[in-house]
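Reading through the structure tokens given below for one structure.
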Amino acid sequence: MGQSKKYIFVTGGVLSGVGKGITAASMGAVLQAKGINVSIQKCDPYLNVDAGLLNPAEHGECFVTKDGAETDLDLGHYERFLDLELTQKNATLSGKLLSNLIADERAGKFGGKTVQLVPHLTGAIQDAIELAADGSDVHIVEIGGTVGDYEGLSFVEAIREFAGRVGRENCLYVHVVYVPFIGTSKEFKTKPAQNALNELRGFGIVPDCVVVRTDDPAPAGVAKKIAMFSGVSEDAVIMLHNAKTVFQIPLIIADSGVLNVLNKFTGNDTTPDLKKWQDIMLAQSTVRERDVTVGLVAKYMDNEDTYISVLEALKSAAWHTEVNLEIKWINAETASDTDFDSVDALLVPGGFGERGVPGKIAAADYALRTGKPYLGLCLGLQVAVIAAARRGGLADAHSAEFDKATEHDVVYIMAGQEGKESTGGTLRLGDYDAVLRDGSKAATAYGATEVVERHRHRYEVNQKFVQEIEQGGLVISGTSPDGKLVEFVESPEHPYFVATQAHPELKSRPNRAHPLFVGVLRAASKR
Ligand code: GLN
């Protein structure tokens with residue numbers, strides 16, 4: 001590869017949500033497989049400063065980076081595909097850049113000049129891109145939304161200008177469009193994609209590569225037509241129909257014309273080593289002897305994006321433990337023993353707010369009572385502690401998050417968090433160390449007594465009630481190094497009842513299952 005750093009910009013047309021993030025991450029995976037050092041960044045045109053206060057039902061899970069940034073779920077795709085640990089600088093939102101700009105303006109840093117979207121915001125976007133690209137050979141930038149969205153215009157302008165900053169030959173513009181199939185006329189309709197490409201050109205960007213998303217395979221004529229109308233050569237128009245699973249996309253991309261485009265762009269024609277992805281596909285398609293059904297006790301029912309990292313962590317653990325996994329959604333608002341009976345293990349994920357909490361407590365109580373394997377994540381630990389304390393004699397034990405008046409606040413607000421309940425960026429966020437009790441189930445699962453996991457919480461186990469919690473069947477098996485914060489609890493007599501205040505799902509990888517998820521599936525498959 002040449003000397004200069006290369007930049008790949010991935011934009012979308014027609015509609016959002018057709019897999020721009022997966023496409024960007026998969027292109028990165030193919031470049032990595034060629035031995036290239038890749039970095040990646042998401043730019044979101046929202047006026048939010050970060051994703052922390054966004055409704056997960058609308059936007060999907062809030063992904064937390066090791067340094068505590070609350071980001072879009074696409075960062076999770078990036079981490080899983082590229083096996084990187086990303087940071088603040090990999091998630092850029094308009095709100096963050098604008099609030100910095102306005103703070104600079106108030107501090108008098110512009111020396112009397114007019115502060116404008118162009119060049120000040122567009123300049124700040126370009127600076128943020130260069131900062132995130134630091135240390136890599138190829139930096140991939142995904143622009144959220146679709147080109148033409150009113151709020152995204154500064155980003156489109158910034159990436160256009162960026163070619164002037166670093167040289168057009170160092171920029172590859174990839175536009176992802178959607179081509180619908182109209183059932184009544186049995187035709188793929190390219191018109192919306194053509195319009196989207198025209199619109200992009202109208203903003204001064206002629207794409208180097210067009211990725212055409214369709215539901216089903218489309219005939220060759222579709223690519224031809226799009227090439228003709230977009231001025232992009234036919235071999236750089238790539239058809240990408242729905243894959244069986246997202247981890248197939250790097251293989252599909254490496255097998256498509258995109259590989260040539262990437263080879264030419266990077267000046268590196270090494271054949272990608274795709275074994276990792278082939279192994280994942282094999283693991284995924286192999287039918288195993290044993291079936292395991294995990295009940296996900298959820299308050300956002302059937303909303304996969306809201307629990308995407310948990311679902312992905314379960315899947316990789318299933319491949320690792322060689323079981324056929326079925327995930328059964330259990331509605332936390334209506335959950336009963338009948339639901340819990342019907343699964344081999346229970347998983348209570350993280351969450352905020354009271355809705356569904358009684359059902360989650362009931363799930364933990366059921367698992368303690370019956371010996372059914374249980375994995376609790378964050379709120380899943382807190383409800384387990386409530387269930388145990390109630391079993392241990394404190395009938396009104398609760399979390400202060402849900403019952404301000406309870407005398408037995410077995411889960412209480414962390415010191416310094418009072419009054420910050422609905423404010424952004426104030427939770428305990430990102431990587432924190434935990435020390436595990438020697439010989440505990442958690443330590444055995446990890447094969448270590450010192451672990452680092454990511455966090456996102458405001459409430460915490462109140463160790464004043466440790467006796468009642470133990471009486472109810474749970475012991476504290478891991479704490480922060482100073483012993484002040486409870487990080488892990490478990491039931492010593494139970495086949496597998498482990499809960500953590502952290503979000504281990506965020507560090508699971510498709511080819512490296514997380515030990516706590518492996519632990520719960522192993523226990524479940526033994527039953
Ligand atoms: N709502 C709980 C807290 O703030 C749990 C958070 C979570 O599950 N991420 O502590």
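Quick note: numbers below take in every heavy atom, side chains included, and nothing from hydrogens, waters or symmetry partners. We count ligands from 1, going down the list as the structure has it; atoms in each ligand are counted the same way.
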In the protein, what heavy atom is nearest to atom 7 (C) of ligand 1, and what distance, to one decimal place, separates them?
C378 SG, 2.9 Å

Would you say the rings of H514 and Y446 are close, in the sense that their centroids are separated by under 6.0 Å?
yes

At the 4.0 Å heavy-atom cut-off, does E460 count as touching ligand 1?
no

Is there a donor-acceptor contact under 3.5 Å from the side chain of H455 to the main chain of E453?
yes

The protein heavy atom nearest to atom 10 (O) of ligand 1 is Y459 N, 2.8 Å

Donor-acceptor check, side chain of N462 to backbone of D409, threshold 3.5 angstrom: yes or no?
yes

With no hydrogens and no angle check, is any side-chain donor or acceptor of D403 less than 3.5 Å from a backbone partner on A405?
yes

Test of ring centre spacing under 6.0 Å for Y432 and H457
no

Starting from atom 9 (N) of ligand 1, locate the nearest protein heavy atom and write down its residue, its atom name and how far away it is, to 0.1 Å.
R456 O, 2.8 Å

I need the atoms of ligand 1 closer than 4.0 Å to a non-hydrogen atom of G350, numbered in the order shown.
8 (O)

Hey, what do you get for OG (S99) to CG (D104), rounding to the nearest 0.5 Å?
10.0 Å

Ligand 1 to L377 polar contact by distance, N or O atoms, under 3.5 Å:
no

What protein heavy atom lies closest to atom 1 (N) of ligand 1? Include the residue and the distance to one decimal.
E401 OE1, 2.7 Å

Specify the protein heavy atom at minimum distance from atom 3 (C) of ligand 1: its residue, its atom name, and the distance to 0.1 Å.
R458 N, 3.4 Å

Within the structure, does F352 bring an N/O atom to less than 3.5 angstrom of an N/O atom in ligand 1?
no

So is there a nitrogen or oxygen of Q382 less than 3.5 Å from a nitrogen or oxygen in ligand 1?
yes

Quick check, are the ring centers of Y300 and W329 under 6.0 angstrom apart?
no

Assess whether side chain to side chain donor-acceptor pair (under 3.5 Å) is satisfied between D341 and T338, documenting all intermediate values.
CA-CA 5 Å; D341 280 339; T338 323; 5.5 Å; no

Select the closest option to atom 5 (C) of ligand 1 among G351, G380, G353, judged by heavy-atom distance.
G351

Would you check the N or O atoms of H457, main chain and side chain alike, for any that come under 3.5 Å of an N or O of ligand 1?
no

